[in-house]
Amino acid sequence: MRSMMGERIWEIMQADPDRFKQETRAYFARAYPGWTVVKVKYPIVYLRDDRGRNG
């Protein structure tokens, strides 16, 4: 799935890449539980549906 996120997180990308990754994962964990961020290319974030894979 493709999704987007706010500029606040994108602004962190160049200054602090590790924090950017943490913020991105946390954002989508809240918004789409069970989905995993697999690729990020401004302004799109690509997600994989992992719901039901552990059962």
Side-chain angles (χ1 to χ4, degrees):
M1 174 172 78
R2 294 183 299 171
S3 189
M4 299 174 82
M5 61 186 168
E7 287 299 317
R8 179 191 69 79
I9 298 173
W10 287 111
E11 291 171 358
I12 300 169
M13 189 173 178
Q14 296 296 332
D16 190 344
D18 290 331
R19 182 170 166 225
F20 172 76
K21 290 175 188 176
Q22 291 173 349
E23 293 278 340
T24 300
R25 290 179 184 138
Y27 178 89
F28 286 102
R30 286 188 305 272
Y32 298 102
W35 292 73
T36 303
V37 175
V38 293
K39 182 178 177 183
V40 175
K41 186 169 180 170
Y42 184 84
I44 304 295
V45 179
Y46 297 88
L47 304 166
R48 179 184 63 227
D49 185 358
D50 288 333
R51 296 172 296 170
R53 288 186 183 231
N54 295 331

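Residues take their numbers from the sequence shown, with the count starting at 1. Basis for what follows: all heavy atoms, side chains included, without hydrogens, waters or symmetry-related copies.
- Among residues at least two apart or in separate chains, side-chain hydrogen bond (donor to acceptor under 3.5 Å, both in side chains) pairs with a member in residues 16-28 are Arg8-Glu23.
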Under 3.5 Å, which donor-acceptor pairs link side chains of residues 32-44 to any protein atom two or more places apart or in another chain?
unit_1 : atom_1 : unit_2 : atom_2 : d
Thr36  : OG1    : Asp50  : OD2    : 2.4
Tyr42  : OH     : Glu7   : OE2    : 2.8

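- Both Met1 and Val45 belong to a common hydrophobic cluster when Ile, Leu, Val, Met, Phe, Trp and Tyr are linked at side-chain heavy-atom distances under 4.5 angstrom.
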